Amino acid sequence: MALVNEHFLKLPDNYLFSDIAKKVNSFKVVHPRARIISLGIGDVTRPLPQASIEAMHRAVDELANAKTFRGYGPEQGYDFLIDAIIKHDYTSRGIQLTPAEVFISDGSKSDCGNIGDILRHDNSIGVTDPIYPVYIDSNVMCGRAGTLENGRWSNVTYIPCLSENNFIPQIPDHRIDIIYLCYPNNPTGMVISKDELKKWVNYALKNDTLILYDAAYEAYIQDSQIPHSIYEIKGAKKCAIEFRSFSKTAGFTGVRCGYTIVPKELTACTLTGERIPLNKLWNRRQCTKFNGTSYITQRGAAAIYTPEGKKQVKDIIDYYMTNARIMKKGFENIGCKIYGGENAPYLWLKTPNGISSWKFFEEMLYKANVVVTPGIGFGPSGEGYVRLTAFGKREDCEEAMQRLKQNMF
Ligand code: PLP
């Protein structure tokens, strides 16, 4: 008899996006003519950079020819992409990495979720709250999160990020084995300063904590003082793994490509106290369970580092960040408290008069026909907020702001 992994049964069904869809559909039945604008979409809408499209076409042609055909590639990724990442994303910021520390993947969701394979099931976990739900759910699946009690997992420390603390996560007063940090943050759109990030690195070094640093949105950082990588902080190579993605940087949500940095000097312990390099374990894990990102995809990703690719990526990001500015200004003009959106494609709106996330979601839907994402879906500290994204079309952002002004505030 095959037995299931019963930890999966502890996972509550994720109703957030299906509940949103249900509420929008019931609204449409009663108001069939309403044109609904979604400011909640988490997917990009701009097409791929031209440089990537051309590189992928060329890669297809190579695969079509017996002389240039390629089959399985290296599990860790092709050198041409790894070298470009090191040069443009790290050396340019004064960070030295070797190719063996970079692992190309099919996106950072997989890596954030799979990294737990190389870590014991009984490590304690810390997350900033609200957060990208993959961090917690992937730990629930292997039993590491404990049991769900009043909407919180027993083995998870929730570090609240609220307007009251300016969304700056406070260093825990106890030691935690593994901490997830995500900056720029999904869902709040807030960033972390070098000084604050230093505090986390120092905490990790002092407490032998592993930081899992998700920098999927680093390309959106506009302020030159904000760190793009945790390795800009001294000592971070000894305590942190970093995840990055081409999804929101270059429209690769459907193409699928990301990468993970596991520094050679990063170690964690066995129960007997022996220190084991995590790079070696992750390499073993990837070689066993992953057969590499497609050649075509990696060629497309490498093209964003060419001069024309860089310019095209900048144009895409500028487009979304202009949307973010329009929305932020629009909400501020109507007297709302809105956060993020300056160095990230997300905006985090505090609901007026303390009404619940879902109630405000419904008000926006019914009064302005605008869809947002209720903050409670991202964790307990998300109650009383809604998330907006800048990934929509410009004309929709503008119209949504007009409708909100006329019909709601
Ligand atoms: N990390 C964060 C914080 C995200 O918001 C997302 C996607 O929404 C991901 C990782 C996953 O990105 P990818 O498309 O590379 O899997």
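Just so it is clear, the values below take in all heavy atoms, side chains as well, and ignore hydrogens, waters and symmetry mates. Atoms within each ligand, like the ligands themselves, are counted from 1 in listed order. Here the structure is a predicted model, which means the values were calculated and not measured.
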task: Take the angle between the ring planes of Y217 and Y220 and call it parallel below 30°, perpendicular above 60°, tilted in between.
output: tilted

Using distance only, find each side-chain donor-acceptor pair of residues 73-80 under 3.5 Å and give its atom names and separation, not counting sequence neighbours.
| residue | atom | partner | partner atom | Å |
| --- | --- | --- | --- | --- |
| Q76 | NE2 | N283 | OD1 | 2.7 |

message: Are F360 and Y385 packed together at the side-chain level, in the sense that at least one heavy-atom pair is separated by less than 4.5 angstrom?
response: no

message: Ring-plane angle category for Y135 and Y180, please: parallel below 30°, perpendicular beyond 60°, tilted otherwise.
response: parallel

- prompt: Nearest protein heavy-atom contact for atom 1 (N) of ligand 1: which residue, which atom, what distance?
  reply: D214 OD2, 2.6 Å

message: Using the ring centroid of each side chain, check whether F103 and Y259 are separated by less than 6.0 Å.
response: no

- request: Could you tell me the residue and atom name of the protein heavy atom closest to atom 14 (O) of ligand 1, and the distance to it rounded to 0.1 Å?
  value: S247 OG, 2.6 Å

task: Just jot down the ligand 1 atoms closer than 4.0 angstrom to any heavy atom of G107, in number order.
output: 15 (O), 16 (O)

Atom indices of ligand 1, in the order listed, that fall short of 4.0 Å to a heavy atom of C182: 3 (C)

message: Side chains of I95 and T91, heavy atoms from C-beta outward: is any pair under 4.5 Å?
response: no

- prompt: Does the N or O separation between R256 and ligand 1 drop below 3.5 Å for any pair?
  reply: yes

- request: Could you tell me whether some N/O pair between Y135 and ligand 1 is separated by less than 3.5 angstrom?
  value: no

message: Among all the protein's non-hydrogen atoms, which is closest to atom 9 (C) of ligand 1, and how far away is it?
response: Y132 OH, 3.2 Å

message: Taking 4.0 Å as the limit for heavy-atom contacts, which would you say applies to S108 with ligand 1: side chain only, backbone only, both, or neither?
response: both

- prompt: Do any N or O atoms from the side chain of Y132 and from the backbone of F378 form a donor-acceptor pair under 3.5 angstrom?
  reply: no

- prompt: With a cut-off of 4.0 Å, which atoms of ligand 1 are near a heavy atom of K248?
  reply: 7 (C), 8 (O)

message: So if I count the atoms of ligand 1 from 1 in the order they appear, which ones are less than 4.0 Å from some heavy atom of Y217?
response: 2 (C), 3 (C), 4 (C), 5 (O), 6 (C), 7 (C), 8 (O)

